[in-house]
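First up is the structure itself, then whatever we jot down about it.
We number each residue from 1, following the sequence as shown. The shown structure was predicted, so the numbers you read here are calculated from the model rather than taken from an experiment.
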Amino acid sequence: MWIYCNQLVSRAQESENQDAKKMEQPESSENVEDSDSFRWSSLWMWPFNNVIQPVLNGLIYPVAKPVDYAFKNEIIEKTVDMITFGEKRNIWVYPGFNLKPGSQTMLGITYRHRGMIFEKDYFVLQGGYYANGDVDLTARYTKHALFGSKIFGGFRYNMVMDRDNAFIVPETKKKFLEPDSTFSFTWRLGAPVTNTVNWNAEIWVTTKFYRYSHPDVEDSVLVSEKFPIDDRGIYQNRNQFPIGASIVYDNLDNAYAPSRGSRAMFSTSYSFVGEYSGVKVSDLGLDPADYGADRIEDSKKNHDYLSTEFMFQHYFYIGKTKNYMLSVSEARKNRKFYTDFSWEEALRVWRPEQVYETLFERRVIALQYRLIDLWEMEEGGAPHDVFPKLNAGTPLRGYGDGWSTHHLMSLSAEYRWPVDRFVDGVLFDEYGMIAPKFDKWSFAHYYNSWGFGIRARMPNMYLFRVQYWQPRSEWWMRLGASP
């Protein structure tokens, strides 16, 4: 690489010497200006040729060869055929994998069925088994055009059994184990609010059953006057009844690979929280005589809370080509470009006349802003596990539930380009901030994550994603389709 760079420098010097000789000859002022322009362009081209492009080559090559093999052998198409069933090809059954360090490694299976009972209905059943023996299960059913109207309805059941579950004390990074089994049932109704499909409103009601127990490791038990067990319901069972509503504006051009348009959403829910079940003092490793009671009971505070969320996304399409997605012939040409990439090709790509096409043709820049708030009806009374979390879903990839808080906002940017017909390359940069009160935002709790990745998809689902991010220098891989 260094030999190649030295050759580039030598060629640049030779080019400048030739230009200098030409300038000694009598020429018009117009020719002199052209020569000066060339020398300046050579100067600013040097970082592209000798720094940026070699780095991009190194990133592309490990991905380009597997992608080339997959498409030459039609692996994605064959895989989709293998998991598709039914006369109408409206049933999908496939495995899923979530490759993460530790107990979060998961093996699962998913069943999807469109038109299962009625027209315009959709049923999904998903289950996962984790490395430590935990399990989760989700079943959901959605029916559009209820009774011939524009109303849609749905039902969802969630079950999680997580022995490694942990909660985080708000505005701190202190995490404590709390084995958990949670069950919930949700019913929802929605409808367009205008004659177009861009605006939709929805209401829902949920019944949640939280079944917590104390951890086996006594030194992980939290006993604190600042975050009391009786106020927050730690290590106790409870029932909860959220009622919510949302309004959504969506004019995106594609659900799974949007390149133009906006999406805005505002939602709110009020959660009625039942009485805590209480916990034995001895189960927490404490002496009842020292504590002054055999059980810790509910403090009788008002545990209800209000949640609000605002989210705005906008996608900017850059390029002269009308469509973001590649055609079959364009994908074949693009595939050859990546798999046959060479140093000479790198020079051609980063020439001044090619830079615009390289960076700004068929590209998408996506921006997202998100604000999530939790408002306690009585200060210090909300359950310990309902606070918004700063994690990959915020999005702030790489933080893994590092913080929980009363108020959270994030801003993220994504630069996306087509590698193949159904494969996208992604660069992302994300920022998050948390606050104990809405008027107490501070850069003392300001965080950043950035990275790159690749994702394979079909027109109506994602197949797998591979991502690398900082600040933790982690690779993350998820295999398995998602809607």
Side-chain angles (χ1 to χ4, degrees), residues 56 59-60 63 67 190 192-194 196-202 246-267 309-327 330-331 334 338 355-372 391-398 408-433 448-469 476 478 481-483:
L56 291 178
L59 296 177
I60 290 172
V63 174
V67 168
V193 295
T194 65
T196 68
V197 295
N198 297 124
W199 288 94
N200 285 279
E202 185 175 329
S246 66
I247 185 167
V248 178
Y249 172 80
D250 189 337
N251 72 341
L252 300 180
D253 61 343
N254 187 290
Y256 296 91
S259 59
R260 300 174 177 89
S262 301
R263 186 173 188 269
M265 182 272 295
F266 176 77
S267 68
E309 178 179 353
F310 172 75
M311 186 270 295
F312 177 78
Q313 299 172 333
H314 189 77
Y315 293 82
F316 299 90
Y317 179 74
I318 303 174
K320 299 177 182 178
T321 309
K322 183 177 180 181
N323 297 320
Y324 169 77
M325 292 181 61
L326 300 174
S327 65
E330 289 171 332
N334 209 47
Y338 279 110
V355 166
Y356 183 88
E357 181 177 351
T358 301
L359 292 178
F360 303 112
E361 179 58 35
R362 224 174 202 142
R363 301 297 189 257
V364 173
I365 295 177
L367 300 178
Q368 175 178 293
Y369 173 79
R370 194 176 186 190
L371 174 66
I372 307 175
N391 55 25
T394 306
L396 199 68
R397 282 164 273 200
L408 179 156
M409 66 176 169
S410 68
L411 178 65
S412 61
E414 186 175 280
Y415 175 82
R416 173 163 44 89
W417 70 97
V419 176
D420 213 297
R421 181 162 170 76
F422 295 121
V423 179
D424 300 317
V426 178
L427 298 174
F428 59 87
D429 192 16
E430 300 164 342
Y431 301 87
M433 186 177 290
N448 170 245
S449 174
W450 59 269
F452 60 89
I454 187 169
R455 58 191 179 204
R457 54 178 169 76
M458 295 303 289
N460 59 348
M461 67 177 67
Y462 292 112
L463 295 175
F464 71 83
R465 310 175 196 186
V466 180
Q467 295 177 333
Y468 171 85
W469 52 58
W476 177 82
R478 183 180 181 89
S482 61

Interatomic distance, [X] atom [atom1] to [Y] atom [atom2] [nearest 0.5 angstrom]:
| X | Y | atom1 | atom2 | result |
| --- | --- | --- | --- | --- |
| Asn251 | His314 | CG | NE2 | 8.5 Å |
| Leu371 | Phe266 | CG | CZ | 9.5 Å |
| Ser262 | Asn198 | OG | CG | 10.5 Å |
| Tyr431 | Ser410 | OH | OG | 12.5 Å |
| Thr394 | Leu411 | OG1 | CG | 12.5 Å |
| Phe310 | Met265 | CZ | CE | 9.0 Å |

Indicate yes or no: at least one non-hydrogen side-chain atom of [X] is less than 4.5 angstrom from one of [Y].
| X | Y | result |
| --- | --- | --- |
| Gln313 | Tyr315 | yes |
| Leu367 | Tyr369 | no |
| Arg263 | Gln368 | no |
| Glu202 | Val248 | no |

Please check this pair: side chain of [X] against backbone of [Y], looking for a donor-acceptor N/O pair closer than 3.5 Å.
| X | Y | result |
| --- | --- | --- |
| Arg363 | Gly319 | no |
| Arg416 | Pro258 | yes |
| Asp429 | Ser412 | no |
| Arg362 | Tyr324 | yes |
| Tyr415 | Gly425 | no |

Item checked: With Ser259, the side chain to side chain contact (heavy atoms under 4.5 Å, CB included) member among Asp253, Ile365, Asn254 ->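 Only one option passes, and that is Asp253.
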Please name the pair of heavy atoms, one in [X] and one in [Y], separated by the smallest distance, quoted to 0.1 Å.
| X | Y | value |
| --- | --- | --- |
| Phe452 | Phe428 | N-CE2, 3.6 Å |
| Val193 | Ala201 | CG1-CB, 3.4 Å |
| Arg260 | Lys322 | NH2-O, 2.6 Å |

